Each structure stands twice: as C-alpha cells, then as structure tokens.
Amino acid sequence: MGVYKTSDFRKGLKVQIDGEPYLMIEMNFVKPGKGNAMYKCRLRNLIRGTVLDRTYKGGDSLESADVEEIEVQFLYRQADNFVFMDNKSYEQYELTAAQVDDNWKYLKEGMACQMVLYNGNPITMSPPNHVTLKVEYCEPGVKGDTATNVTKPVKVETGAEIICPSFINMGNVIKVDTRTGQYVERVST
Amino acid sequence: MFGKGGVRRQTMLAGDVKAMDFLPTAPLANLKLRARLLRRLREFFDGRGFLEVETPVLSADTVVDRHLDPLRVTLLDDPREPQVGRTLWLQTSPEFGMKRLLAAGATAIYQIAHVFRGGERGAWHNPEFTMVEWYRAGDGMPEGMQLLADFAHELLGMGAAQRLSYRQAFLAHAEVDPLTATGLELAEVARRRGLASPPGLDVADRDAWLDLLLVECVQPHLGQRRPTIVYDFPASQAALARVRDEDPPVAERFELFVRGVELANGYHELLDPDLLRTRNARSNQLRRADGKYTLPEDSRLLAAMQRGLPPCAGVALGFDRLVMLAAAATDIAQVLAFPVERA
C-alpha cells in the first residue's frame, strides 16, 4: 500500500481514511507568509458518496486506497442482489440494491457497466452515460398536443418511471441520461 | 464517470495538454497589466526618493524561519563534478542583502526580486514569485504602515487603509484573545466553529492554531471594502521584527490584507544581533523537531547588525498577488507567463 505525502496531494487522488476509500475532489494549499502550510482537502467517500472536509499540515500523509475500476456486464438480478461479470476474468461480482442505488433503473441484461473494486471487493457501479430503454406502459399521448413542455411519467422495461414528453407512446424506445435520470430523445417508435 | 471511453479521452487530452504546455497560462491582457503595475510601482518609489537596488538572488546566507524552505544550489567549480561546491541558497526574500545596504549607509531603497520558496504551490502560491521589498531608515511602525497604505491606495485605488491590531481582528472575527489564550483554548475555538483541523496538531503549538484560525475565520473578513493593515502580532511570530515590551509583549509587525488575501508583510526591523542569533537557533530547533533540514545561523546580516543597522521599517509585498487582485484572477497561473508546471 502506497503513502501519499502532502506534497503529492492533488485532485483525483484515491486515499484511505478510517478504513474507507475516498476520492480527493478538491485540494487547496494555504499558508500565511510566515506560518504553517496547510492543505485543505475535500474528499468524497467512494462507498457512501458523502463528502468530508479535512485539513492537513505539511509533512502529514495519507495511505493510498487500493481502488480498481473494471469493466463488467450486468447479468441478472437475484432478489436484492445484482450480479455482474468481469469482462476480462469472467469472475462474478454481486452488489446489493443499496450499493447499486438508483442505477437499477437503467440496468438491462448484458449491459456494459463500470465497477469499482476496493481491496478486491465491489463497492459501486456506474452504467453508461446514456442508455436506451423501451417504453412498456404509458397513458396514450393526447392527439394534437405537441407542446414540448407537457410531460408524463412512462414505465420502461426495467420497471423504472421516466418523465417524458407527452408524445411518447408504448413501444417507443427512448434515450435516457443516467447521470440526471432525464429523458434525452426518442430513438424509435 | 469511470467509462473506458472517458479514460481514453482523458489520456488523449493529457497528451494534447502536454504538447501545448509551451504556451503561457496568463492571457496577454494580464501580462500587460503586470508591466503597467511594475511601471506604476517604480513611479511610486522613484517619486519618493527611493533608490532601486539589486542584491544577489543566490547567497550563502538565508532567512532562518521554521516555515520557509529555501532551495539549495551547489555552486560547482568543476563541471565534471557538478555535485561538489559551495552551498548557496536561492533567496526567500531580498531582506538580507537590502539590510546590508542600509548598514552601509543607504536610506531608502526598494527592489523587485524573483524569490523562491520550496513546496509552495497553490492558487495563491508559486515556488518562484516576484517580491517587491522596500526599506526606509528612520521609520517606525506608524510610518511604515502609512507608506504601505499609500502604496495600496496608489496601486489598487481602494481608498484609505483601515488599521486593526491582530488582537482586535481575532476578537472581532474569532472571538478569542490571540495574545493570552492557551493552545488548548484556541483548539477549542476551532472545534466549536467546526473547522477541519489537521489531525494530530499539537495543542502546545499555539502559533499553528493561531494560523488555522487566521486563515479560516479572520482573514476572509479582512480588506473586503478597503485595504486592511493588521499590526502588533504575537511576540512568538516576530520573525525579524522588534518586540515591544508590553504586557503581553507584541511584535512590531504589520500585514496588508486586500479582499481576504495576505498581500504584504512589514516589520519595524529588529536591530539587535544577539536577539537574531537567539531567534535563529530557536527556528532551527523547531525545524529539527519538524523533521526539516536546518539552515545556517551565522550570516553577513549578523555582521552588518553588529556594525549597526539604522532604525528602519521594511515591507515585502507579493507582486503576483497584487496583479491577481487588479485582474480579479483566481489562480496565480493567470498572472504568470509560466507557472512552475510549465517552467
């Protein structure tokens, strides 16, 4: 396990604090002219997503976190667990519903995803930025209603509800931005 | 966010940036502003009868400060043995050379110098930066502060500077007396205010806690509407300033803050070489305790002080920060042609 000294501190570093992995999302060096150098860090917990502010003094250090990003495909859901497979090693990894969080809305069997391993164990996954999903059910669009700001919820093949323009119909395929959960466009009718 | 495509794009971007990093980081407008401010500051000092001087950037002597880490240079004699030679130091400020000139009879001098400080890089720091430093014989702290206030008014045009003692500043913005509170009490203030304090910061290290409270609670309020000069620092932070024997004693040190930024540091200068020797020894002792290299305690400045330095006040001002404030820049790279990453 490596050690980062304050002189190595920078945005993007993955470090371990109190046994949990953090991503350094901000780092500011502050120092009164004749005073103590301080390194003000903002860190995001890679498991829980919470943000932590920590200040370090020159000469302090942080352990590096053994964090690895791998490419996986989603295999299937089994009760509250989601099963993925490493595309290279074919090893299977399971995440709980809590770890998958809102991303369940976008998971289709066989979908290529990214997964983060911490000390060899999966902690989070992220789907592609854009996914295409088939609309399974929605109220029919009102004919002649073309105003783009009129929206309605639709139910897609994963069981999730997405807010769409009212012209979307059952059987349409829509593109959704997984980072915002928002409808992007209609791909096919 | 962890997408392979994303990673590949980032790598390509890094490659592009690498290929393009011959370019300056400062827009031309800011380089022009630098040149304009340099001209105006020369007018300011020339118009007051100051002599512009140049002293060595590379010197056998260096300021001995717990928190300043000068860069070491080997003055090689034989290029076949480049690691053999005298040790010289890149100056952290032109202070020693300028005071030697004062001891030799100069009365009002200024210098625009490139100075170097190891390990300092951040939004307001670059290891190499430009310092404007000036001294005037006969000045005490009030005269030194007035000249600094005039300088700030002339160069930044934010009106007359407000004056606030270090104690008043802390009482107003951190609600604690910085001269009498114990380290434990200062740590408690930091805790109560929810500050992220460095893990393992020793409660006996009063000055480190004062620095934390200064940076987090006090400094952001200073110089917001008009420049603020903070004076009468804790005696433990005297550096090369005189200590006035009061209860509690205070260092006759003053600093200029503009929009929350520390812009200049001034002293009613210490004249007693024995006191400087004691402070140097103490600084090295603290450096050793911090696990740092020690610095030469003897210097030609001590010889000059032995001979007699005239009573004077002096100020060192970070020129790059002055340009940043004038340009409303948020990173020092925006006012430097080439920051250290592209140097």
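All of these numbers come straight from a predicted model, not from anything done at the bench. Chain letters run A, B, ... following the sequence lines, proteins first, then strands; residues in each count from 1.
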For chain B, the option from [options] that forms the most heavy-atom pairs under 4.5 Å:
{"options": "A:Lys40, A:Met27, A:Met38, A:Lys34", "result": "A:Lys34"}
{"options": "A:Cys113, A:Gly58, A:Pro128, A:Pro32", "result": "A:Pro32"}
{"options": "A:Asn28, A:Thr6, A:Asn36", "result": "A:Asn36"}

Quick one: what part of [X] sits under 4.5 Å from any heavy atom of chain A, side chain, backbone, both or neither?
{"X": "B:Gln237", "result": "neither"}
{"X": "B:Ala239", "result": "side chain"}
{"X": "B:Glu216", "result": "side chain"}
{"X": "B:Leu212", "result": "both"}
{"X": "B:Leu201", "result": "both"}
{"X": "B:Asn265", "result": "side chain"}
{"X": "B:Arg117", "result": "side chain"}

Cation-pi geometry met for B:Arg287 and B:Tyr293 (6.0 Å, 45°) | yes
Find out whether the Lys NZ or Arg CZ of B:Arg253 is both under 6.0 angstrom from the six-membered ring centre of B:Phe233 and within 45° of the ring's axis.
-> yes
Distance flag, aromatic centroids of A:Phe9 and A:Tyr56, threshold under 6.0 Å = yes
When B:Arg242 is tested against each of B:Glu269, B:Glu252, B:His268 for side-chain hydrogen bond (donor to acceptor under 3.5 Å, both in side chains), which residue passes?
-> B:His268
Of the listed B:Pro199, B:Ser197, B:Gly119, the one with the largest count of heavy-atom pairs under 4.5 Å with chain A is B:Pro199
Please step through ring-ring contact (aromatic ring centres under 6.0 Å, His included) for the pair A:Phe84 and A:Tyr93, ending with a clear verdict.
-> CA-CA 5 Å; A:Phe84 299 85; A:Tyr93 293 104; 9.1 Å; no
Under 30°, 30 to 60°, or over 60°: which ring-plane class applies to A:Phe74 and A:Phe82, parallel, tilted or perpendicular?
-> tilted
What orientation do B:His221 and B:His173 show, parallel under 30°, tilted 30 to 60°, or perpendicular over 60°?
-> parallel
Taking it one step at a time, do B:Leu148 and B:Ile229 satisfy side-chain contact (heavy atoms from CB on, under 4.5 Å)?
-> CA-CA 9 Å; B:Leu148 178 57; B:Ile229 296 177; 4.2 Å; yes
